[in-house]
2 protein chains.
Amino acid sequence: MTPPKKNFHVAIIGGGIAGVTLAIALHHRNISVTIYEQAHAFSEVGAGVSFSPNAVQAMKFCHDGIYNAFEKVCTRNLWPSKQKVWFDYLDGYNFKGPNDTSTERGRQDIEFTISNSLGQNGVHRAHFLDELIKLVPQEICRFKRRLEDIHERIRDGKLILKFADGSEEEADAVIGCDGIKSQVRQIIVGADHPSAKPSYTHKYAYRGLVPMEKAVEAIGEELASNSCMHMGPGSHMLTFPVNGGKTLNIVAFHTNPDDWAEYPHLTRQGTREEALRDFEGFGPNVTNLLKLTESDLSVWAIFDLNDHPVPTFHKGRLVISGDAAHATSPHHGAGAGFCIEDTAVLATLLADERVCSPADLTAAFAAFDANRRERSQWLVRSSRFIGDCYEWQAEGVGRDFKKIEEEINRRNGMIANVDIAAMVEEARGELGRRLGHRASL
Amino acid sequence: MTPPKKNFHVAIIGGGIAGVTLAIALHHRNISVTIYEQAHAFSEVGAGVSFSPNAVQAMKFCHDGIYNAFEKVCTRNLWPSKQKVWFDYLDGYNFKGPNDTSTERGRQDIEFTISNSLGQNGVHRAHFLDELIKLVPQEICRFKRRLEDIHERIRDGKLILKFADGSEEEADAVIGCDGIKSQVRQIIVGADHPSAKPSYTHKYAYRGLVPMEKAVEAIGEELASNSCMHMGPGSHMLTFPVNGGKTLNIVAFHTNPDDWAEYPHLTRQGTREEALRDFEGFGPNVTNLLKLTESDLSVWAIFDLNDHPVPTFHKGRLVISGDAAHATSPHHGAGAGFCIEDTAVLATLLADERVCSPADLTAAFAAFDANRRERSQWLVRSSRFIGDCYEWQAEGVGRDFKKIEEEINRRNGMIANVDIAAMVEEARGELGRRLGHRASL
């Protein structure tokens with residue numbers, strides 16, 4: 001049975017994973033929605049993304065089609081025995097003792113393995129998005145619209161969206177799914193607030209793709225076929241198969257004290273030679289793979305909202321979701337999954353039968369903020385910590401592989417072991433309290 | 001000692017008596033203010049206006065210069081014995097019995113006299129305004145700006161004023177002194193709300209000026225030199241000296257069941273002949289004066305906010321003052337005085353040391369609404385009643401001159417006998433409660 005159409009219209013800003021999943025979840029709940037994307041089509045930057053069990057639960061909760069899209073495009077570890085392996089963790093640096101002057105190649109054994117019920121599942125962001133957009137009717141999409149400002153028209157309370165091309169659109173609620181450099185966030189907190197802009201984590205990453213047969217030659221079948229984390233001091237590299245196993249995806253991180261001069265650009269052109277310098281002293285697994293990449297490599301600056309977390313996810317009938325609200329470094333591999341958790345909670349709140357009119361939207365967004373902020377800002381902090389673990393720099397952990405394993409398992413558990421239905425139910429309870437509080441004023 | 005400059009900027013919409021007195025009162029309290037007028041200069045429509053003792057108190061409270069301007073341009077009754085007379089009331093109709101077929105002119109004695117401490121004091125609106133604007137520095141005035149809409153810019157909370165010429169200005173608060181057809185009122189209550197537009201009282205008035213010597217010839221020295229109200233069934237006429245006693249001002253009202261087809265125009269061109277038809281059967285005092293007017297007479301439709309009083313004078317940091325808030329028919333002669341009362345209260349609240357930042361302005365305007373709405377909406381109702389008294393149509397009163405006199409005295413007392421300092425103090429108390437309520441939320 002189709003629920004009755006609500007008396008409000010929602011504008012989603014941004015057509016990445018957060019925005020498109022939300023458009024799907026709202027549209028299929030019969031909520032009037034338009035999605036505005038600044039590019040000429042929906043697009044995601046970045047190559048690979050993986051999802052943990054919480055994210056898969058959230059997908060199913062939002063709309064079965066989202067889960068089906070994920071299943072259709074994801075690539076798991078190739079070895080049947082490694083289907084539940086998230087990453088095998090290796091010492092990528094000390095493949096032989098520092099004082100070993102022999103030329104013999106050192107062993108690079110797997111130090112420990114982190115597993116979960118889903119294992120690793122690499123999804124190419126663009127392929128995933130291509131599947132998702134099939135669930136979004138063309139008529140609710142507007143492209144080449146870069147949001148500049150939002151006004152509230154006092155006479156009728158409509159929110160007026162002002163775009164860079166001079167066009168204006170109306171909505172009753174605006175949901176900023178506009179990513180790490182979110183304009184909606186800047187509007188909510190104010191341009192001068194420290195959380196208006198993300199800050200540099202002083203890590204960047206080279207990203208490369210290597211044909212699988214070459215990768216197998218370089219590091220052997222086991223490591224090339226399945227997801228690996230090569231740890232080391234001040235740098236670390238992760239690899240996992242994508243494209244149905246035909247390609248090995250490489251993400252090679254390096255910590256560097258310099259500022260990122262290119263901001264607001266978060267990528268710059270780099271070279272394979274630079275990458276090899278940043279991984280100097282690392283073992284042949286790492287260096288031989290790097291040598292197989294293209295000579296020009298894209299360098300991706302890791303910015304996040306850790307230093308200045310946003311004080312609130314909403315202001316009146318404006319709210320931020322996904323990276324716009326809690327942009328995180330990628331070390332937990334959980335950022336995209338949290339976007340879908342956000343979608344599950346937002347869609348539930350907006351579809352709640354008590355949310356009927358524009359005036360109820362503020363309560364819904366306040367409930368979203370109360371439900372999501374603590375957990376998602378924890379992720380941002382934890383991701384920084386775990387990224388340092390991979391580089392033996394985390395306080396109280398260092399190069400103690402046992403402790404690193406424990407930290408990962410404990411924190412991954414906090415990410416994965418949630419009950420999305422219960423989370424959403426809690427948000428509905430909070431909505432009731434907010435609506436009640438409003439009624440008593 | 002100049003009080004510290006506040007951290008907000010106020011926009012006043014409309015440069016009539018309400019707007020200009022407010023600009024003076026705020027500017028001289030060191031509050032940053034700009035006044036926007038749609039015409040190419042400040043202007044008032046309508047010829048005469050008079051002020052009762054409450055208004056004079058309010059003038060002095062706002063700024064001594066306002067009182068001085070009033071004293072400079074006002075014309076009182078010419079006879080020293082009538083300095084405290086507000087109006088002499090006459091039967092303008094039954095100057096002889098209806099069955100009296102003699103040609104002898106009937107007596108038209110003064111039936112009763114209404115006095116107050118100030119007597120009658122005619123002020124030509126334009127002359128008064130000319131004096132007032134000397135107190136307003138040129139740099140805070142903007143002309144040819146017709147307000148169309150107001151937005152709140154979410155990122156910094158600024159109110160964006162959008163004018164018909166395409167220009168935009170910013171402010172932290174907007175005070176609509178934009179009269180009976182107020183655009184700010186329409187923005188506050190919504191264009192579809194019944195109070196967005198004024199409604200027709202089914203009375204209109206011819207306005208004319210007669211040279212004093214001709215008036216004396218027509219109706220004698222006593223009636224021409226001093227303010228008179230000529231009552232009658234379905235019509236009434238008031239006369240008072242203006243222009244230092246060189247001219248007699250005539251306002252001749254008529255009740256008519258037809259709609260006012262010219263709306264939104266509130267005046268139309270009429271003729272002396274029409275006026276004479278509307279006053280058919282009236283005595284020679286009335287008809288002889290009408291015969292002395294120009295052959296083309298302006299007809300002024302009496303609209304007010306009686307049928308649909310506004311539910312609130314403010315919405316957030318928007319507020320309405322003067323006719324914009326409580327446009328009244330003119331029968332009490334108190335509308336302009338209430339504008340100045342409004343100014344006294346608004347200026348006090350905005351100058352209060354607890355009102356420092358834009359966030360405090362909502363509390364100040366809520367206090368203004370609480371303080372002013374009941375009294376000013378009562379005036380609108382009472383003015384309608386008293387207008388009907390003058391035409392022997394008021395329920396329970398009819399043509400009973402004793403009762404008419406009692407009603408006028410009782411109601412005039414409610415208008416005049418207020419303590420402006422106490423009213424303003426009460427508003428400050430309400431402000432404290434609103435600020436406290438906000439702090440406890």
Side-chain angles (χ1 to χ4, degrees), chain A residues 11 13 147-162 166 168-176 178 182-193 195-197 310-320 324 357-359 361-363 365-366 434 437-441, chain B residues 11 13 147-162 166 168-176 178 182-193 195-197 310-320 324 357-359 361-363 365-366 434 437-441:
Chain A
I13 309 299
L147 183 76
E148 284 202 329
D149 213 347
I150 304 174
H151 288 184
E152 179 177 342
R153 191 165 58 202
I154 305 284
R155 66 180 147 93
D156 58 5
K158 288 281 178 197
L159 297 172
I160 310 297
L161 286 68
K162 300 164 84 82
E168 296 192 350
E169 300 285 351
E170 297 178 17
D172 298 298
V174 177
I175 304 178
D178 47 349
S182 169
Q183 181 71 0
V184 179
R185 181 176 72 241
Q186 192 164 316
I187 292 168
I188 288 176
V189 299
D192 296 333
H193 193 274
S195 69
K197 294 199 169 86
V310 296
T312 176
F313 284 0
H314 91 111
K315 182 176 186 179
R317 287 173 285 128
L318 272 59
V319 73
I320 40 178
S357 68
L361 293 164
T362 298
F365 291 163
R434 303 276 167 166
H437 175 69
R438 188 195 58 181
S440 73
L441 280 184
Chain B
I13 309 299
L147 183 76
E148 283 202 330
D149 212 347
I150 303 174
H151 288 184
E152 180 178 341
R153 192 165 58 203
I154 306 283
R155 66 180 147 92
D156 58 4
K158 288 281 176 195
L159 298 171
I160 310 296
L161 287 70
K162 300 163 86 80
E168 297 192 349
E169 300 284 351
E170 297 179 16
D172 298 298
V174 177
I175 304 177
D178 46 348
S182 170
Q183 181 71 2
V184 179
R185 182 176 72 240
Q186 193 163 316
I187 291 169
I188 287 175
V189 300
D192 296 333
H193 193 273
S195 69
K197 294 199 170 84
V310 295
T312 176
F313 284 180
H314 91 110
K315 181 175 186 180
R317 287 172 285 128
L318 271 60
V319 73
I320 40 179
S357 67
L361 293 164
T362 298
F365 291 163
R434 302 276 167 166
H437 175 67
R438 188 195 58 180
S440 72
L441 279 184

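Predicted model, so just to flag it, every value in this text is computed and none were measured. Lettering of chains follows the sequences in order, A, B, ..., and the numbering in each one begins at 1.
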When rounded to the nearest 0.5 angstrom, what is the spacing between CZ in A:Phe365 and OG1 in A:Thr312?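 Answer rounded to 0.5 Å: 11.5 Å.
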Heavy-atom contacts under 4.5 Å, residues 147-157 of chain A to chain B: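 Interface residues of residues 147-157 of chain A: A:Asp149, A:Ile150, A:His151, A:Glu152, A:Arg153, A:Ile154, A:Arg155.
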B:Glu169: what forms a side-chain hydrogen bond (donor to acceptor under 3.5 Å, both in side chains) with it, not counting sequence neighbours?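 Applying side-chain hydrogen bond (donor to acceptor under 3.5 Å, both in side chains) to B:Glu169 gives B:Arg145.
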For B:Lys158, side-chain hydrogen bond (donor to acceptor under 3.5 Å, both in side chains) partners two or more places apart: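 Partners of B:Lys158 by the side-chain hydrogen bond (donor to acceptor under 3.5 Å, both in side chains) criterion, ordered by chain and then number, come out as B:Asp172.
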Assess the residue pair A:Ile13 and A:Ile175 against the criterion (side chain to side chain contact (heavy atoms under 4.5 Å, CB included)); give the C-alpha distance rounded to whole Å, side-chain angles, the decisive distance to 0.1 Å, and a yes or no. CA-CA 6 Å; A:Ile13 309 299; A:Ile175 304 178; over 6 Å; no
Mind checking what makes side chain to side chain contact (heavy atoms under 4.5 Å, CB included) contact with B:Thr362, not counting sequence neighbours?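 B:Thr362 satisfies side chain to side chain contact (heavy atoms under 4.5 Å, CB included) with B:His314, B:Arg317 once adjacent residues are dropped.
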Does B:Lys162, at its NZ atom, have more than 12 non-hydrogen atoms belonging to other residues, nucleotides or ligands within less than 6.0 Å?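 More than 12 within 6.0 Å, yes.
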